[in-house]
Amino acid sequence: MELQTKYNPAEVETKWYEYWERNGLFASRPDGREPYTVVIPPPNVTGILHMGHMLNETIQDILVRRARMEGKNACWVPGTDHASIATEAKVVNRLASQGIKKQDLTREEFLRHAWDWTDEHGGIILRQLRRVGASCDWSRTAFTMDEERSRSVIKVFVDLYRKGLIYRGVRMVNWDPKAQTALSDEEVVYKEEHSKLYYLRYMVEGDAEGRYAVVATTRPETIMGDTAMCINPTDPKNQWLRGKRVIVPLVGRVIPVIEDEYVDVEFGTGCLKVTPAHDVNDYMLGEKHNLPSIDIFNDDGTLAPAAGLYVGKDRFDVRREIEQDLKDAGLMEKVEDYVNKVGCSERTGVAIEPKLSMQWFLKMQHFADLALPPVMNDEIKFHPAKYKNTYRHWLENIKDWCISRQLWWGHRIPAWYLPEGGYVVAENEDEALSLAREKSGNPALTAADLRQDEDALDTWFSSWLWPISLFDGITRPGNDELRYYYPTSDLVTGPDIIFFWVARMIMAGYEFAGDKPFRNVYFTGIVRDKQGRKMSKQLGNSPDPLELIDRFGADGVRMGMMLCAPAGNDILFDEALCGQGRNFCNKVWNCFRLVQGWQVDDTLAQPQASRQATEWFGAKLRAVAAEVADHYAKYRISDALMAVYRLFWDEFSSWYLEMVKPAYQQPIDRATYDATLHAFDHLLHLLHPFMPFITEELWQHLVERAPGESIMVSPQQIAAPAAADAALIRAMEDVKSLVSGVRGVRAAKNIPQRERLNVQVVGSNPLAQYDEMVSKLAGTAPVKVVEAKGEGTSAFLVGTTEYAVEIGALIDTEAEIAKAEAELKHLRGFLAGVEKKLGNERFVQNAPEAVVALERKKQADATAKIATLEETLAALRK
RNA sequence: GGGCGCUUAGCUCAGUUGGUUUAGAGCGUCUGCCUUACAAGCAGAGGGUCGGGGGUUCGACUCCCUCAGCGCCCACCA
């Protein structure tokens, strides 16, 4: 068949992806083979593919395809996450654009809209993954809020409640005034902010001299909630305030001065305003000193009636207003510029308001104890290992997890409140009712008397079960699938969710499945642009992966991605790398075109050079395959790719194919042809995990294939390196040096390719058996052995052997002298270093024998080379 | 404030327990080639003394100390 000179990815990609799916090649069922399991980090159900996904999914697909070709039963389970806050926010926004307020809808109405949204936008990202080439078992596609996963979440909640690990209580939580929900500590990100430090005057009550204390604060808008002022009892400069009472500026409320060593004497004036309702530390002080707590904020961050002033206004507007009002009232001592860190909602970006509220919590110490050892002792391996530190630090300082969210989109908390107070926790309403009757002693209770908790659970409370719940392991513990696929093999994810997700999956794994959820965790880097900026929608510096695929082909983009993705380092993505990937595809394509165009003549004997080439390439292939395997074992995917890339382009294409290529329109012998096809097949296997589409296309054309066959499931069979390989490879390196040496002379002298060159070798030719090959590659006549090289020759060394190209009148004696002198200088410096070492008795005594022997070899070689060069120079200067 | 990591050719990175010919790769650069598989290509060339300083050692890019710069994570100093 005729192939175009350029590879056209678009048609090939669609064709083979459909073929793979149609033939069920991604599907996995338990069988006798070793399983290789990966669960996808579920993207947000309404999300669209970005470069982070592109990187992540490519790595997973590479690992999965590699395992599949190794003969393992590879199972990659796809799915999406309901992403409680993010999705609810999107739905609320859409409703708002239609003039509908969430508050005006019932829970059921709102959820209907949310499901509509999910049906509309959900699954887009899964379709996009197919474009990338992801070989997921789509028949297993799951959703964190589908029936099975929901049952699992509820069952786990009830289980943990009964174990006494879940409790409900009033605590200081992180309140997101925009989403109007509590958040976990992990969902708060601290951002540095250039703000102001305000110094406020708190007049001392009844002080005849009109003295006042000065309090420094970044949040003057909270003074309405002040219920005390605090000094450090050891602070000499504030002794005079002991036992006094002060007046809150503008508000006029009189509050006591309390003493606590918590206060930093050095900060500001050493006087701290205490607002127990709106600061975590102040809350602690309030508890300790029995202070009243005044909650001055509404849930949306506006001032509540309890504030007395500025009621209904936004907290940040109030900050500006109150600054002016305090100045006008003469109660502002001064205002300084100040840089501090403000906790913000990871999702909505707004400043978090610490708020006292009733929430559900999960006790974490038990889980930390469960999850720390396996990571520290490498039962679960982190790649790179540096994240073990991060992990340990978090677990050693674990705090209880606030799992309730004041949202509707999510798993509703399975707690039901009784009319007379109290509540029961149950897997469903029926069970709740019977528990409630029992608890209240009232058998007449009906379902209508019970009121289910309005809150939903944190999204991560479902994600942490993912590796188990995907195999129905929560609802049907110990089932066959779970036993076969669990623990999963590798998890590929970003370090940004190490606490949110990775740590919690480890906890859930041991708690609910009795074993680790995965054996290895591969942490990818963050994708940045080439200026090092994080890719983001706001900056507009994130290319659309699908558009890249349109331009470079999926294989090209996958390769571009992996070329810049060393494990654990951030990715400096540059579109040019996709171009490199595309070029490589084209190279592979054209190599195939060459080989495919050959006519075989069975009567032809195999030329010596071709025999040598096939033997050598076999050795090289075995060596590189072993190297690649080692890279995979260490999760050095980009190194594995680079090794394959060089094997294909440099060794196979530039050297091997040139060695065996028949003259134009001449046929090739059978032995060489078969060996070449064989090598090509091996190369396609090595390439396939990185470039699934083009390798399938070429593999199908390489020889006749039966319907349903695929390179995907055809095992890779490259033998382990053989004993003789190393010598073979070394010899060929010398051949290459000789050829390059001749080509170098040719290039320097501008001698056309078709002009045959005569080459001399001084003494004897260690590469005599490769003469035919050298002639073919370098365009030379048979190498002549001479006693001393003649005039009009340009010489170079291969090892310690001197070769000289006859160039007659083209000789530039000055240039030859300069070249030889430069090399001589280098060698003498080198020799001096070696001899200094060997002259050091302690080196000869202490260093291992092999090292000393090597130095002696270096010395001998360098000496020989120097002698040769000196002769050359003498001859040139004659 | 604490912890971790990084600093090797113009760019992005390798360099595994210190010794493998006075440091390697890819890309880019320069020179010459449209040589009928490939100009998304071929051949050739140049380019770093391993952030600065000190130390350990027969020997350090590799180990230790220190300084500088960069990055990340954690933390209730208003």
Side-chain angles (χ1 to χ4, degrees), chain A residues 3 5-7 172 190 197 215-219 230 262-264 266-268 271-275 279-284 338 340-341 343 354 384 386-387 389-390 393-394 397 495-496 498-499 526 530 532 552 556 563-564 566 568-572 574 576-577 579-580 582-598 630 634 636 638-639 642-643 645-646 653-654 657-658 661 664-665 740 743-748 750 752-754 799 826-827 829-834 836-837 840-848 850-852 854-855 857-859 861-862 865:
Chain A
L3 293 173
T5 60
K6 285 196 167 54
Y7 170 58
M172 201 66 150
Y190 289 86
L197 192 56
V215 170
T217 179
T218 53
R219 302 201 59 191
C230 190
Y262 163 76
V263 176
D264 181 353
E266 301 300 318
F267 188 90
C271 296
L272 174 74
K273 72 192 227 23
V274 184
T275 321
D279 184 281
V280 185
N281 302 303
D282 293 10
Y283 175 68
M284 177 268 294
Y338 189 69
N340 71 335
K341 300 253 182 150
K386 65 178 176 186
Y387 289 111
N389 282 325
T390 311
H393 185 262
W394 187 70
N397 296 281
D496 49 333
I498 187 169
F499 308 135
I526 290 169
K530 60 179 167 184
F552 299 105
L563 280 170
C564 60
N569 284 12
D570 280 0
I571 315 305
L572 292 187
D574 184 346
L577 293 166
Q580 196 185 336
R582 176 204 53 191
N583 294 356
F584 184 54
C585 289
N586 208 234
K587 184 67 186 178
V588 175
W589 182 258
N590 278 298
C591 285
F592 181 80
R593 286 179 60 226
L594 171 69
V595 173
Q596 189 227 209
W598 287 341
D630 184 55
K634 292 173 179 151
R636 302 170 67 133
S638 50
D639 289 339
M642 195 39 73
Y645 177 86
R646 285 163 58 194
S653 178
S654 297
L657 287 179
E658 293 301 329
K661 187 160 102 179
Y664 182 55
Q665 288 190 329
S740 297
R743 285 173 177 171
V745 173
R746 195 189 281 279
N750 256 316
Q753 193 57 43
R754 53 195 168 279
H826 173 259
L827 278 169
F830 175 71
L831 182 63
V834 172
K836 189 179 160 209
K837 258 191 197 179
N840 185 330
E841 267 180 46
R842 286 196 285 179
F843 168 71
V844 181
Q845 278 167 11
N846 298 332
V851 173
V852 178
L854 188 70
E855 291 301 315
K857 172 88 162 62
K858 287 186 197 171
Q859 182 185 35
D861 287 355
K865 287 183 191 176

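By convention in this document, chain letters (A, B, ...) are assigned in the order of the sequence lines, proteins followed by strands, and residues within each chain are numbered from 1.
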Could you check which of B:rC58, B:rC38, B:rC74 has an atom nearest any side-chain atom of A:Asn586?
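For A:Asn586, the side-chain atoms sit closest to B:rC38.
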Let me know the distance between [atom1] of [X] and [atom2] of [N], rounded to the nearest Å.
X        : N      : atom1 : atom2 : result
A:Asp639 : B:rG15 : CG    : C1'   : 10 Å
A:Lys836 : B:rG19 : NZ    : C1'   : 15 Å
A:Met642 : B:rA14 : CE    : P     : 12 Å
A:Asp496 : B:rC72 : CG    : P     : 13 Å
A:Asn397 : B:rA75 : CG    : P     : 8 Å
A:Ile498 : B:rG3  : CD1   : C1'   : 14 Å
A:Trp394 : B:rC73 : CH2   : P     : 16 Å

Using only heavy-atom distances, decide whether a donor-acceptor pair under 3.5 angstrom links the side-chain of A:Glu658 to the base of B:rA43.
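Counting by modelled atom types and ignoring angles, no donor-acceptor contact under 3.5 Å is found here.
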Could a donor-acceptor pair under 3.5 angstrom be found where the side chain of A:Lys386 meets the base of B:rC4?
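Under the 3.5 Å cut-off, the side chain and the base do not form any donor-acceptor pair.
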Identify the two heavy atoms, one from A:Asn340 and one from A:Thr218, that lie closest to each other, and give their separation to 0.1 Å.
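So the minimum-distance heavy-atom pair works out to ND2-CG2, 3.8 Å.
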By the 4.0 Å heavy-atom rule, please label A:Cys564 as base, sugar-phosphate, or nothing.
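Here A:Cys564 touches no strand at all.
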What contact category does A:Val834 fall into here, base, sugar-phosphate, or nothing, at under 4.0 angstrom with non-hydrogen atoms?
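Nothing, no heavy atom under 4.0 Å.
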So which one's nearest nucleotide on RNA chain B is more toward 5', A:Leu272 or A:Leu831?
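Nearer the 5' end of the strand: A:Leu831.
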Contact nearer the 5' end of RNA chain B, comparing A:Ile526 with A:Leu563:
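Nearest nucleotide further toward 5': that of A:Leu563.
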